[in-house]
Q: 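Following this message is one structure expressed as structure tokens.
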There are 2 protein chains.
Amino acid sequence: MDLEAGFDAQLDKSGVGFDERDAGLLRAIDDHGSLNAAAGALGRSYSRSQRRVVELEEAFGPLVVRERGGSGGGGSTLTDGARDLLAAFERLTAEFTGVAEVEETVLDGTVVERDGELATVETPAGTVRAIVPTGSRRVRLAIRADAVTLHTPGALPDRETSARNRYRGTVSTIESGDALARVALDIGDDTRLTALVTRESIATLALSPGDEAVASFKATATRAIPAQRDATDERTDD
Amino acid sequence: MDLEAGFDAQLDKSGVGFDERDAGLLRAIDDHGSLNAAAGALGRSYSRSQRRVVELEEAFGPLVVRERGGSGGGGSTLTDGARDLLAAFERLTAEFTGVAEVEETVLDGTVVERDGELATVETPAGTVRAIVPTGSRRVRLAIRADAVTLHTPGALPDRETSARNRYRGTVSTIESGDALARVALDIGDDTRLTALVTRESIATLALSPGDEAVASFKATATRAIPAQRDATDERTDD
DNA sequence: GAGGGTTGTGTCCATGAGAGAACAACGGTC
DNA sequence: GACCGTTGTTCTCTCATGGACACAACCCTC
């Protein structure tokens with residue numbers, strides 16, 4: 001199934017959203033030195049672009065320094081605020097593309113104990129500590145492969161790390177890419193945890209299929225969602 | 001600055017995007033047992049909703065089983081494919097809200113070595129291994145607080161874990177919430193790394209401000225973005 | 001066979017986003 | 001002082017999205 005995750009990032013302030021389109025506009029202004037040239041290069045109308053800049057500035061503060069007249073007729077440059085905003089936006093999109101691309105393993109489970117937003121969940125692979133939205137007993141946990149760290153078995157003292165979830169298993173497959181590798185770890189009861197690590201780590205841990213290994217991940221990095229509604233099938237049916 | 005991160009998640013297939021609006025429609029169909037009632041409950045027009053379902057099915061396969069006539073006039077129910085799609089979408093939005101909410105520390109640095117998408121970056125806090133888009137020397141690293149695990153100093157044998165980045169520092173502040181806590185760690189040269197851990201972890205590590213601690217995070221979990229463009233100021237200027 | 005509530009169409013209209021064009025104001029350079 | 005390429009402002013036009021409405025087809029119940 002070529003199901004691809006996408007998104008539309010947005011930075012909100014005072015009800016106005018700064019999105020990819022706005023980022024492109026600011027970048028073009030920075031590149032071309034004028035709002036007019038920027039709009040032209042983007043194939044957008046000047047009037048709309050100008051309006052949009054004003055709209056954005058009403059929410060985010062001064063973004064563009066305009067100069068009218070003068071040699072060359074004038075021009076526009078970005079303020080430091082605009083650069084900060086752009087940087088924050090790019091950081092956000094980078095994080096989003098990260099989650100959109102990375103693989104994750106899903107575990108179904110039931111909440112057995114809760115302490116605020118944190119809960120212990122019973123899953124086929126064992127008990128997991130995770131952040132769980134309040135008010136749901138049956139949940140589905142998602143663990144991103146880039147959040148799972150691998151260890152040699154027995155190496156990790158139990159009390160001296162903040163990674164609350166820890167599972168021993170046997171390496172089933174290792175798919176090596178350029179510099180990264182995808183490791184699948186069998187953790188009993190037919191569940192398989194995948195970790196994304198560097199090839200360097202594979203080497204230093206001396207991992208190969210069949211070996212024992214320990215996988216750990218933080219409670220704060222595993223997100224839970226309410227489980228399928230068909231489990232209870234509470235249809236309204238009018 | 002009350003700058004809030006937002007997003008619009010989307011699952012793409014065959015050029016069609018399944019978004020929050022579509023998810024709401026499917027959920028409403030599941031709740032009310034008919035497309036008609038679903039559209040009514042959402043305050044949307046039936047005709048558009050029906051068309052949208054057809055559009056989605058052309059890309060994602062059968063989603064809704066329609067029944068025309070019969071007792072009660074008929075009705076519609078979701079297929080297993082629709083439930084899977086909904087679950088995948090909810091998982092995606094859960095992950096996105098995770099990154100949108102969590103705090104991150106940013107580090108500016110320069111790439112000193114590269115191996116495919118992986119690179120070693122020199123930062124004020126030391127050298128960091130991270131995933132870096134090709135073709136950029138000056139980069140900005142973003143490290144999410146939920147990706148940082150804390151350890152007692154000296155506890156971690158160097159060769160036996162896959163967390164490639166490891167920094168010793170002193171705890172500066174601990175902000176405890178309900179079940180979670182936010183720990184700021186001073187890592188020399190005026191840089192501060194923040195970690196989001198459970199209060200439970202604070203207790204077992206016996207952490208308090210002023211203590212020494214070690215923070216670690218994976219190379220595959222730290223994303224880099226090209227640094228500010230004003231550093232070189234390569235304006236086109238036509 | 002009539003009734004009823006559904007699925008399927010098709011058409012019309014309101015709304016909003018954005019392009020395009022026109023024009024005034026500006027302030028350096030020549 | 002004329003010129004020029006900006007910014008700023010306003011208008012109209014087009015296009016896409018989506019609601020409102022009408023109507024046929026369906027099939028079980030009564």
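Residue numbering restarts at 1 for every chain, and letters A, B, ... go by the order of the sequence lines. What you see below is based on every heavy atom in this structure, not just the backbone, and it leaves out hydrogens, waters and symmetry mates.
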Q: Identify every side-chain donor-acceptor pair in residues 3-12 of chain A under 3.5 Å, counting partners at least two apart or on other chains, and give the distances.
A:
unit_1	atom_1	unit_2	atom_2	d
A:Gln10	NE2	A:Asp12	OD1	2.9

Q: Which atom pairs link the protein and nucleotides 9-11 of chain C when you take only N or O atoms and keep those under 3.5 Å?
A:
none

Q: Choosing from C:dA19, D:dG19, D:dT7, which nucleotide comes nearest the side chain of B:Ser45?
A: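 Side chain of B:Ser45 sits closest to D:dG19.
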
Q: Distance-only, no hydrogens or angles: does the A:Glu103 side chain make a donor-acceptor pair with backbone N or O of A:Ala145 under 3.5 Å?
A: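 Between the backbone of A:Ala145 and the side chain of A:Glu103 there is no qualifying donor-acceptor contact (under 3.5 Å).
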
Q: Specify the residue among A:Arg44 and B:Gly75 whose closest nucleotide of DNA chain C lies further upstream toward the 5′ end.
A: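 By nearest-heavy-atom nucleotide position, the 5'-most residue is B:Gly75.
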
Q: Side-chain contact, heavy-atom cut-off 4.5 Å: B:His32 with B:Arg27?
A: no

Q: Expressed in angstrom and rounded to an integer, what is the separation of B:Leu42 atom CG from D:dG18 atom C1'?
A: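 Whole-Å distance recorded here is 14 Å.
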
Q: If you take any heavy atom closer than 4.0 Å to DNA chain D, which residues from residues 18-25 of chain A end up in contact?
A: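 Contacting residues: none.
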
Q: Examine distances only and state if a side-chain atom of A:Asp189 and a backbone atom of A:Thr191 form a donor-acceptor pair shorter than 3.5 Å.
A: no

Q: Between the protein and nucleotides 26-30 of chain C, list the N/O to N/O atom pairs that are separated by less than 3.5 angstrom.
A:
unit_1	atom_1	unit_2	atom_2	d
C:dC26	O2	A:Gly69	N	3.1
C:dG27	O4'	A:Arg68	O	3.4
C:dG27	O4'	A:Gly70	N	3.4
C:dG27	N3	A:Gly70	N	3.4

Q: Please examine the side chains of A:Val132 and A:Glu117, heavy atoms only from C-beta on, and report whether any two atoms are closer than 4.5 Å.
A: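 Side chain of A:Glu117 against side chain of A:Val132, heavy atoms only: no contact under 4.5 Å found.
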
Q: Mind checking whether B:Arg140 and B:Leu107 have side chains closer than 4.5 Å, heavy atoms only?
A: no

Q: Could you tell me whether the side chain of A:Ser49 and the main chain of A:Ala39 form a donor-acceptor pair under 3.5 Å?
A: no

Q: Atom CZ of A:Arg66 and atom P of D:dG5: how far apart are they, to the nearest Å?
A: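 For the pair A:Arg66 CZ and D:dG5 P, the rounded distance is 22 Å.
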
Q: In the structure I gave you, are the side-chain heavy atoms of A:Thr120 and A:Thr127 within less than 4.5 Å of one another anywhere?
A: no

Q: Once side-chain contact (heavy atoms from CB on, under 4.5 Å) is applied, do any residues pair with B:Ala221, and if so which ones, sequence neighbours excluded?
A: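 Only B:Ala147, B:Lys218 meet the side-chain contact (heavy atoms from CB on, under 4.5 Å) criterion with B:Ala221.
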
Q: Check the phosphate of C:dT6 against B:Asn36, side-chain N and O only, distance under 4.0 Å to OP1 or OP2. Yes or no?
A: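 True: B:Asn36 side-chain N/O within range (under 4.0 Å) of C:dT6 OP1/OP2.
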
Q: Roughly, in whole Å, what's the span from CD in A:Glu57 to C1' in D:dT7?
A: 12 Å

Q: State, yes or no, whether a side-chain contact exists between B:Val139 and B:Ile225 at a heavy-atom distance under 4.5 Å.
A: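 B:Val139 vs B:Ile225: side chains apart.
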
Q: Between the axis at one end of the helix from C:dG1-D:dC30 to C:dC30-D:dG1 and the axis at the other (five pairs apiece), what's the angle to 10 degrees?
A: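 What I find for the helix from C:dG1-D:dC30 to C:dC30-D:dG1 is an axis angle of 10°.
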
Q: Any side-chain heavy-atom pair from A:Leu86 and A:Leu78 closer than 4.5 angstrom?
A: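 SC-SC contact between A:Leu86 and A:Leu78 confirmed.
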
Q: Check the distance between D:dG8's P and A:Ile29's CD1 and give it to me in whole angstrom.
A: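 After rounding, the reported distance stands at 10 Å.
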
Q: Considering only heavy atoms from C-beta outward, does the side chain of A:Leu180 approach that of B:Ile131 to under 4.5 Å?
A: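 In contact.
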
Q: Expressed as a whole number of angstroms, how long is the span from B:Glu67:CD to C:dG8:C1'?
A: 15 Å

Q: With a 4.5 Å heavy-atom cut-off, do B:Leu185 and B:Arg192 have their side chains touching?
A: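 Answer no - side chains too far apart.
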
